[in-house]
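Below is one structure, written out as C-alpha cells; comments come after it.
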Amino acid sequence: MKKEIKLMKGNEAIAEAAVRAGCDGYFGYPITPQTEVIETLMELRPWETTGMVVVQSESETASINMVYGAAACGHKAMTTSSSPGISLMGEGLSYIAGAELPCVVVNVQRGGPGLGTIQPSQADYFQATKAGGHGDFNMLVLAPNSVQEMYDFVGLGFELAFKYLNPVMILSDGVIGQMMEKVVVGDAVPRLTDEEIVEKYGDWALTGKKNRKRNVVTSLELEPLRQEKVNHKLQAKYQRMREEEVRYETIQCEDADYVMVAYGASARMSAKVVEMAREDGYKVGLLRPITLFPFPTEVLREMRDRVKGFLSVEMSAGQMKEDIQLAVGCDAVVENYGRYGGVVHTPGEIYEGLKEKLISKFE
Amino acid sequence: MAEVEKIKENLVYAKNRLLTNEVMHYCPGCSHGTIHKLIAEVIDEMGMEDKAVGISPVGCGVLAYNYIDCDWAESAHGRACAVATGIKRMAPDKMVFTYQGDGDLAAIGTGETIHACNRGENITIIYINNAIYGMTGGQMSPTTLVGQRTATTPQGRDVNLHGYPFKISEMAAMLDGTCYVTRQAVNSPANVRKAKKALRKAFEKPMKGQGLALIEFVSTCNSGWKMSPVAANQWMEENMFPEYPLGDLKERE
C-alpha cells in the first residue's frame, strides 16, 4: 500500500495523530507555542467522523480534570499545553497517577520561569521527570525530535498509558512544535466501544455498574498502611517501566571519546555537531534519550569506562545533566552546554561549547 | 410465621437498596445522611442505577462513593464539574452528578462550577451549603453568614475583612447554560418531600439535554457550628433561610 505523506507542523501532527490514534477526547486551553493543536482539531471536526470529542476548557486546571473524568470512563483522553499551563496541571497529574488512569499530556516547552517567554526551551525536564505534582509518582516521558515523532508518539503514548495505567507525557519544545516537516501518516485506529474497553483493559472504568459491582476511581486511601501499599504498587510499576521501556538512539558512540547527550530539538542540532567534530578529527558521538523517564541509565553506565567525558546539551541551565551524572558516577566527567530562557543554540555554538567545556580538558 | 416474614409484614419503611451497608462517617444530626438517602431513592425510582455516575468532592462528602451503589469518581478539590464534564462528554447516556460542599463548589471550585454551568453541560450539581468547612474543623467558607463565628472568624465574619455570603446559585441561575436552579432543605418532613421532587427534576432535565441543573441544599453542620442537631436545625431556619431563601430560582425547558 502506498504510504500517505503530509507536510505538517509539529503541533498539527499531534492533532492529526490524536484523531488517527482513536483518541476519544481532547481537552485544551490556548497557550503559545502549542495553540495549533486545538485549532487543527477544531478544523478537522473529528466529532463528525470518528466521534472524538474536542473541548476548549476555561483553564489548564479544568483541562486536566476533564482528562481525569474522560480517562476514568476508560477512554483515550489527552491534553496539550506549554510550560506555565503544565504547572497548573500538576495537581491533576498527581490525581491521575494516584488513581492509575491512562492519558497522554503534551508539553511544548517555552522559556521560563514565570510567564517567561513564548520562545522554545527545555527547562521543564525536572518537572516532567521528577516533580510533575505532589506525592511519589512518575510519568512515562517521551521526547520527540522530529515532526514524525510528534505524530508517532501520540499512538505510542496511548499504548504505554494503557499498558501501565499511567499518565504519559510527550515532552516537546517550541522548535519541534512549530517546525514543518513531512510526516508518514499511519493507518487510522478505530475508537473502542465500552464493551471493547472492558475486554481489552479490564472492567475498572466507569461504564455504569450493569452486571457488576460499582467501580470507584479514586486516589484516596485514608489508612496510612493501605496508602503505603498503594505506593508500593505504584513503585513496582515504575520499576517495570525502568526495566522494559527505556528507549534511546545512539549516533557514532561505538568509538567515541566524547559523548553528547541531548533530546528533542537539541538532539537534532547535536547530530549536526557530531558531523562537524568528526570532520575535524574528534571522535564525538551522540546519545539521544527517547524516554526521559525511564532514563537510559544502563547505556550510559556501559559507556563510562571507554569515554573520556559527557556533555549534556539542553536548552536549560543543566537539568538532565544530573541524571547523566547519577548514571556514570560523580568521578566521571560530565559537563553541560546550553542557551536558555527562550534562546535556541546553534550547532556552531554547541560545537564551541563542546570544545571549550569538554575536549579542551583532554587535548 | 417465620421471624423474617413477620418483620416484612409490618414493614413500613426500609433503607433504599442503593444505600450500601457501610457505616457512614457523617456526624449524627448532619444533613448529608438524609440527602444521600434522597439521591439513592431517586436514582432507584428512575431505574438509573446502571447509568448513574457520581463525582465526590473533597470535604465531608469525599467518601460519598462508599454509601451510594453506583459508579463514582473521586475528584480533586473543587474540580468535580470539570471531571463531570469529561465523563459526560465521553458518555452522554450516563446520568452524571457531582456532590459538593460550599468550600469545594463555591470557593476553590468556583471557576470550574461557573464554566460548567455556562457551557450548559448536561449534568446535575448537588450542592450542600452548610456555610462552613466541616471536614477541616469548622472554618469560614464563602457562604458563612455575616457575624457567624467559625474557627477562622472567632469574632464572627466581618464584611470588611471577609466580604459577603456568596450566593452562587443566584449566579448560576443567570447563566444561559442552566436549565434548573433550585434551593431546598431537609429540615422537616415536608421539606424532605419537596426536596425529593426537586432532586428528581434536577436529575431528569439534564438527561433530556436541557442543560445543567443545580440543586442547593441549605444544610446544617452541627459539629462545625458547635450545636446540638436540634439547635442547629433551628439556627438554620432562623439565620440561613433568610440569607438563602428556599424555592426554585430558575426553570426552563
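No experiment lies behind these values; they were computed from the predicted model shown. Chain letters run A, B, ... following the sequence lines, proteins first, then strands; residues in each count from 1. Just so you know, these numbers use all the heavy atoms, side chains as well, and skip hydrogens, waters and symmetry mates.
- With respect to chain A, the highest number of heavy-atom pairs below 4.5 Å among Ala84(B), Ser56(B), Cys70(B) belongs to Cys70(B).
- Side-chain contact between Ile215(B) and Ile125(B) is absent, with no heavy atoms from C-beta onward closer than 4.5 Å.
- With sequence neighbours left out, the side chain to side chain donor-acceptor pair (under 3.5 Å) criterion links Glu251(B) to Lys201(B).
- Counting heavy atoms from C-beta on, the side chains of Phe158(A) and Pro102(A) never come closer than 4.5 Å.
- Heavy-atom pairs under 4.5 Å with chain A peak, among Val96(B), Asp71(B), Asp50(B), at Asp71(B).
- Of the charged side-chain nitrogens involved, at least one lies within less than 4.0 Å of a carboxylate oxygen, so that Arg191(A) and Asp24(A) count as a salt-bridged pair.
- Considering only heavy atoms from C-beta on, Asp136(A) stays 4.5 Å or farther from Tyr238(A) through its side chain.
- Contact tally against chain B (heavy-atom pairs below 4.5 Å) for Ile64(A), Val53(A), Asn211(A), Thr218(A): the top residue is Thr218(A).
- The distance between the ring centers of Trp72(B) and Phe97(B) falls below 6.0 angstrom.
- Ion pairing between a basic and an acidic side chain is recognised when a charged N comes within 4.0 Å of a carboxylate O; Lys208(B) and Glu253(B) show no such pairing.
- Put simply, of Val83(B), Val53(B), Val62(B), the one with the most heavy-atom pairs under 4.5 Å next to chain A is Val83(B).
- Looking at Thr20(B), the atoms closer than 4.5 Å to chain A (heavy atoms on both sides) all sit in the side chain, from C-beta outward.
- Looking at Asp194(A), the atoms closer than 4.5 Å to chain B (heavy atoms on both sides) all sit in the side chain, from C-beta outward.
- Heavy-atom distances place the side chain of Leu222(A), and not its backbone, under 4.5 Å from chain B.
- The most heavy-atom pairs under 4.5 Å with chain A, out of Val58(B), Asn66(B), Asp93(B), come from Asn66(B).
- Residues passing the side-chain contact (heavy atoms from CB on, under 4.5 Å) test with Met46(B) are Val42(B), Met48(B), Met95(B), Arg200(B), Phe203(B), Glu204(B), sequence neighbours excluded.
- Proximity to chain B (any heavy atom under 4.5 Å) is shown, for Ala77(A), by neither the backbone nor the side chain.
- Interface residue Leu63(B): only side-chain heavy atoms are found under 4.5 Å from chain A.
- Not less than 6.0 angstrom separates the ring centroid of Tyr95(A) from the ring centroid of His77(B).
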Which donor-acceptor pairs under 3.5 Å do side chains of residues 27-35 of chain B form with protein atoms, sequence neighbours excluded?
residue, atom, partner, partner atom, Å
Ser31(B), OG, Thr220(B), N, 3.0
Ser31(B), OG, Thr220(B), OG1, 3.2
His32(B), ND1, Tyr99(B), OH, 2.6

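- Proximity to chain A among residues 104-124 of chain B is limited to Gly111(B), Glu112(B), His115(B), Arg119(B), judged by heavy-atom separations below 4.5 angstrom.
- Two residues are said to be in side-chain contact when any heavy atoms from C-beta on lie closer than 4.5 Å; Phe137(A) and Lys237(A) fail this criterion.
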